[in-house]
Amino acid sequence: MAKTCVIGTTSWGTTIAIMLARHGMEVSLWARTEDEAAHLRGKGPDKHIVGNAVFPSSLSVTSSVEEAVSSSDIVVMAVPSQTMRQNIKLVKPYLNAHKLIVSAAKGLEMGTNKRMSQVIADEIAQTYHKNICVLSGPNLFREILDGLPAAAVVAAQSETTVIKAQKIFSGPNLAVYINHDTIGVELGGTLKNIIALGAGMIDGLGYGDNAKAAFITRGLTEMTAFSVALGASPLTMSGLAGMGDLVATCSSNLSRNHYVGTELTKGKKLDEILASMTGMAEGVTTTAVVWTQAQKLMLEMPITEKIYLILYENASIRDVIPEILGTTCRHELTGRRWKLFRRKPR
């Protein structure tokens with residue numbers, strides 16, 4: 001049985017570590033400090049985060065990157081997107097040509113606008129690039145921990161790599177599909193967080209299911225336009241990493257991004273909301289990165305623009321959200337610099 005290490009004690013990182021250990025794998029969970037590692041070894045995972053889940057006997061916690069990575073066949077990077085680069089630098093000295101590197105983060109790096117697999121590739125030897133894959137899909141961590149049925153998707157350029165990842169993550173309650181569109185799978189898991197912020201706002205304002213359904217649908221189209229502009233297949237957005245993750249994140253009270261959107265409608269400040277949370281709402285940073293990139297591409301992104309105005313320009317939610325569905329209506333698959341639709345000549 002392959003050995004796995006999970007880099008990052010985030011809620012998702014802890015969930016992956018527990019899930020793989022439940023599958024019978026030997027798992028090492030890396031904590032940033034010895035104090036944190038000792039606390040986790042002694043007390044187990046935080047009950048406020050993971051509920052009644054406990055660490056299986058095959059899961060160990062360490063603060064030594066060398067210990068975690070050197071003895072493992074699979075390295076799962078489950079850290080916040082803005083710390084991915086510094087964390088892969090820590091892991092880099094202990095990699096070899098046989099280790100699978102899995103990105104489980106959903107975000108884009110500020111400044112470079114790069115996807116997480118690109119950030120990882122920047123920092124490791126080129127000979128290891130074929131070992132990089134990404135994990136995404138509608139995977140709310142509390143439901144995974146509770147053993148409820150779910151599905152995920154893994155993507156990599158290498159057929160060998162993606163099949164290996166599929167076997168590792170598949171389990172009794174998790175169906176894992178494969179895809180070779182790494183760009184689309186990563187962007188689907190990233191962009192849906194922007195739409196989830198808006199969905200939370202719509203719920204908080206009490207606008208109803210019709211408005212929310214329309215918003216989610218328009219959000220999916222915008223996600224697709226952005227992804228296609230960066231080289232993804234439009235079909236990927238109709239799959240688990242796109243529509244699947246979008247529906248789960250926009251509909252569930254377990255979603256941190258949905259929660260942020262809802263709390264903003266109560267008049268709370270963004271900084272106040274984020275400070276009160278135990279996990280990361282990746283959509284906040286993602287909104288800024290995607291809006292910046294969309295402007296450079298001269299790509300029409302009306303929803304992203306409106307969410308950006310609310311988060312960063314103090315625009316009124318009650319003024320801005322109704323505008324999203326009421327802006328200029330054309331064919332629903334057209335927009336500036338979108339490549340989703342070509343009108344046939346008459």
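Counting only residues at least two apart or on different chains, the side chain to side chain donor-acceptor pair (under 3.5 Å) pairs with a member in residues 291-303 are E300-R330.
Linking Ile, Leu, Val, Met, Phe, Trp and Tyr whenever their side-chain heavy atoms come within less than 4.5 Å leaves V79 and V284 in two separate clusters. Cluster membership check: L90 shares its hydrophobic cluster with V119, using side-chain heavy-atom separations under 4.5 Å among Ile, Leu, Val, Met, Phe, Trp and Tyr. In the hydrophobic clustering of ILVMFWY residues, with side-chain heavy atoms under 4.5 Å counting as a link, V228 and L297 come out together. With hydrophobic clusters built from ILVMFWY side chains whose heavy atoms lie under 4.5 angstrom apart, V75 does not share a cluster with V162.
Side chains of D181 and S233: a donor-acceptor N/O pair is absent below 3.5 angstrom, by distance only. No donor-acceptor contact under 3.5 angstrom links the side chains of Q82 and T285, judged on distance only. Between T304 and E222, the side chains place a donor N or O and an acceptor N or O closer than 3.5 Å (distance only, hydrogens not considered).
The CD1 atom of I168 sits 5.5 Å away from atom CE of M25, with the distance rounded to the nearest 0.5 Å. Between atom CD1 of residue I307 and atom CE of residue M301 there is a gap of 11.0 Å, rounded to the nearest 0.5 Å. Interatomic distance, E36 CD to W30 CH2, rounded to the nearest 0.5 Å: 8.5 Å. The distance from atom CG of L246 to atom OG of S251, rounded to the nearest 0.5 Å, is 8.0 Å. I120 CD1 to K89 NZ: the interatomic distance, rounded to the nearest 0.5 Å, is 13.5 Å. The distance from the CZ atom of F215 to the CE atom of M201 is 8.0 Å, given to the nearest 0.5 Å.
Across all non-hydrogen atoms, the minimal contact from C133 to L100 is SG-CD1, 4.3 Å. The two atoms that bring L220 and M237 nearest to each other are CD1-O, 3.3 Å, heavy atoms only. Nearest heavy atoms, I202 versus A211: CD1-O, 4.2 Å. Closest approach of T14 and P45 over heavy atoms only: CG2-CB, 4.2 Å. The shortest heavy-atom contact between A2 and I74 is CB-CD1, 3.4 Å. Residues R41 and V61 approach most closely at NH1-O, 2.8 Å, considering heavy atoms.
A donor-acceptor pair under 3.5 Å links the side-chain atoms of T262 to the main chain of G200, judged by distance alone. Between the S238 side chain and the P234 main chain, no donor and acceptor come within less than 3.5 Å of each other. K212 places no side-chain N or O within 3.5 Å of a backbone atom of A199 that could act as its donor or acceptor partner. Of the possible donor and acceptor atoms, one in the side chain of R218 sits under 3.5 Å from a partner among the backbone N and O of E332. At distances below 3.5 Å, at least one donor-acceptor pair connects side-chain atoms of E282 with backbone N or O atoms of S81. In this structure, R22 contributes its side chain and P56 its backbone to no donor-acceptor pair below 3.5 Å. Of the possible polar contacts, none joining the E109 side chain to the R85 backbone as a donor-acceptor pair under 3.5 Å is found. Without hydrogens or angle criteria, S170 side chain to K167 main chain gives no donor-acceptor distance under 3.5 Å. E26 contributes no side-chain N or O that, together with a main-chain N or O of K3, makes up a donor-acceptor pair within less than 3.5 Å. Looking only at distances, no side-chain donor or acceptor of S255 sits under 3.5 Å from a matching main-chain atom of S252.
Side-chain atoms of D203 and H258, non-hydrogen and from C-beta on, do get closer than 4.5 Å to each other. The shortest side-chain heavy-atom distance between I321 and K306 does not fall under the 4.5 Å cut-off. Taking the side chain as every heavy atom from C-beta outward, S63 and T33 never approach each other to under 4.5 Å. Residues F55 and I18 form a side-chain contact, since some pair of their non-hydrogen atoms from C-beta on lies under 4.5 Å apart. Side-chain contact between L230 and F226 is present, with at least one heavy-atom pair separated by less than 4.5 Å. Put simply, the side chain of I273 reaches to within 4.5 Å of the side chain of M277, judged on heavy atoms. Looking at heavy atoms from C-beta onward, M280 lies out of side-chain contact with T10 at the 4.5 angstrom threshold. With a 4.5 Å cut-off on side-chain heavy atoms, S72 and Y94 do not count as touching.
None of I124, D73, V69, N131 except one satisfies the side chain to side chain contact (heavy atoms under 4.5 Å, CB included) rule with K99; the exception is V69.
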Inset, instruction - Start with the C-alpha distance between N253 and Y259, add both sets of side-chain angles, then the distance that settles side-chain contact (heavy atoms from CB on, under 4.5 Å), and finish with yes or no. - result: CA-CA 7 Å; N253 291 328; Y259 171 81; over 6 Å; no
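Between R256 and E263 no salt bridge is recorded (no basic side-chain N to carboxylate O distance below 4.0 Å).
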Listed pairs under 3.5 Å, donor-acceptor, residues 136-156 side chains, sequence neighbours left out:
| residue | atom | partner | partner atom | Å |
| --- | --- | --- | --- | --- |
| N139 | ND2 | A151 | O | 2.8 |
| R142 | NH1 | I49 | O | 3.4 |

Which donor-acceptor pairs under 3.5 Å do the side chains of residues 183-197 make with protein atoms, sequence neighbours left out?
| residue | atom | partner | partner atom | Å |
| --- | --- | --- | --- | --- |
| E186 | OE1 | R115 | NH1 | 2.6 |
| E186 | OE1 | S117 | OG | 2.5 |
| E186 | OE2 | M116 | N | 3.2 |
| E186 | OE2 | S117 | N | 2.9 |
| T190 | OG1 | G107 | N | 3.2 |
| T190 | OG1 | E186 | O | 2.9 |
| K192 | NZ | T249 | OG1 | 3.2 |
| N193 | OD1 | N257 | ND2 | 2.9 |

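Heavy atoms from other residues, nucleotides or ligands lying under 6.0 Å from CD of Q126 number 12 at most.
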